[in-house]
Amino acid sequence: MTVLFVNACVRGDESRTLKLCREYLARFDGVEDVEEVDLAALGLSPFSAEMVASRSEKQLACDWDDPVFALSRQFAAADDIVIGAPYWDLSFPAALKVYIEHVSVCELAFHYTEDARCEGLCKARRLTYITTCGGFVEGANFGYEYFCGIARMFGIPEVRFVAAEGLDVVGIDVEAQMDKAREAMRKLD
Ligand SMILES: Cc1cc2nc3c(=O)[nH]c(=O)nc-3n(C[C@H](O)[C@H](O)[C@H](O)COP(=O)(O)O)c2cc1C
């Protein structure tokens, strides 16, 4: 089984979200293969008109071995997906949206049926979204909601959510907030 960790924790070693993700991922040590996509290191570009045109040509030619499809193929083939993303501006860092532009390829991540229904082609049985927030978001995490939509589109049946909230609130016990998220992670199978 392959677990794909999409690391959108832009602050690297300083990131509390990354800390939670590493703790969650430790359950797979020596048990499953974990592949990591480090978005800060990857530095992907958003799709321009030229990039869209070039990729469309390759899609029409079914040139699926082209490197432009590598991230999509990797995502579609993973058995389990973990997204680590801090809460930025009501959702997540832009690098994660850019990554989804690279992943979201018709005929790899999803396709359209003859009766024009969008049907997912991704193999993953679940997607776990891990985040930390400066304030108390209380259910208004558009980043998580976006990934619920993406999971539906890509055919991933289960989406799970873990958040440590209020980490930037003055005087708050940050470790106590992190511990609540750790407890939620422990309860996940
Ligand atoms: C660019 C940026 C945007 C942010 N936007 C929000 C926000 O809209 N709401 C909020 O509660 N916290 C916001 N924060 C605070 C982060 O959610 C919080 O510090 C989080 O724990 C950062 O995660 P990290 O330690 O993994 O980098 C923002 C932080 C940054 C750097």
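Remember, it's 1-based here, ligands and their atoms both numbered in the order they're listed. In what follows, residues are counted from 1 in the order of the sequence shown.
Between Glu23 and Arg186 there is no salt bridge, since no side-chain N of the basic residue sits under 4.0 Å from a carboxylate O of the acidic one. Salt bridge status for Lys180 with Glu183: absent, with no side-chain N to carboxylate O gap under 4.0 Å. A salt bridge between Lys123 and Asp79 is present, with a side-chain N of the basic residue lying under 4.0 Å from a carboxylate O of the acidic one.
A parallel orientation is assigned to the rings of Phe110 and Phe154, their planes being inclined by less than 30° (bins at 30° and 60°). Ring orientation note: the planes of Tyr129 and Tyr144 are tilted relative to one another, at an angle of 30° to 60°.
Looking at Asp89, Thr131, Thr132, it is Thr132 that brings a heavy atom closest to atom 21 (O) of ligand 1.
Among all heavy-atom pairs drawn from Arg16 and Met178, the shortest one is O-CE, 3.6 Å. Closest of all the heavy-atom pairs between Cys9 and Asn7 is N-OD1, 2.9 Å.
Of all protein heavy atoms, the one lying nearest to atom 12 (N) of ligand 1 is Gly134 N, 3.3 Å. Ranking the protein heavy atoms by distance from atom 27 (O) of ligand 1 puts Arg11 NE, 2.7 Å first. At the shortest separation from atom 1 (C) of ligand 1 among protein heavy atoms lies Trp88 CD2, 3.6 Å. With respect to atom 15 (C) of ligand 1, the closest heavy atom belonging to the protein is Asp168 OD2, 3.3 Å. From the protein, the heavy atom lying nearest to atom 13 (C) of ligand 1 is Tyr87 O, 3.4 Å. Remark: minimum distance from atom 11 (O) of ligand 1 to any protein heavy atom is reached at Gly135 N, 2.8 Å.
A distance-only check finds no donor-acceptor pair linking the side chain of Glu119 to the backbone of His111 [under 3.5 Å].
The closest approach between any non-hydrogen atom of Cys133 and ligand 1 is below 4.0 Å.
Every atom of ligand 1 with a heavy atom of Thr17 under 4.0 Å away is listed here by number and element: 23 (O), 24 (P), 26 (O). Within ligand 1, the atoms closer than 4.0 Å to a non-hydrogen atom of Leu90 are 8 (O), numbered from 1 in the order shown.
In Arg16, the parts holding a heavy atom less than 4.0 Å from any atom of ligand 1 are both the side chain and the backbone.
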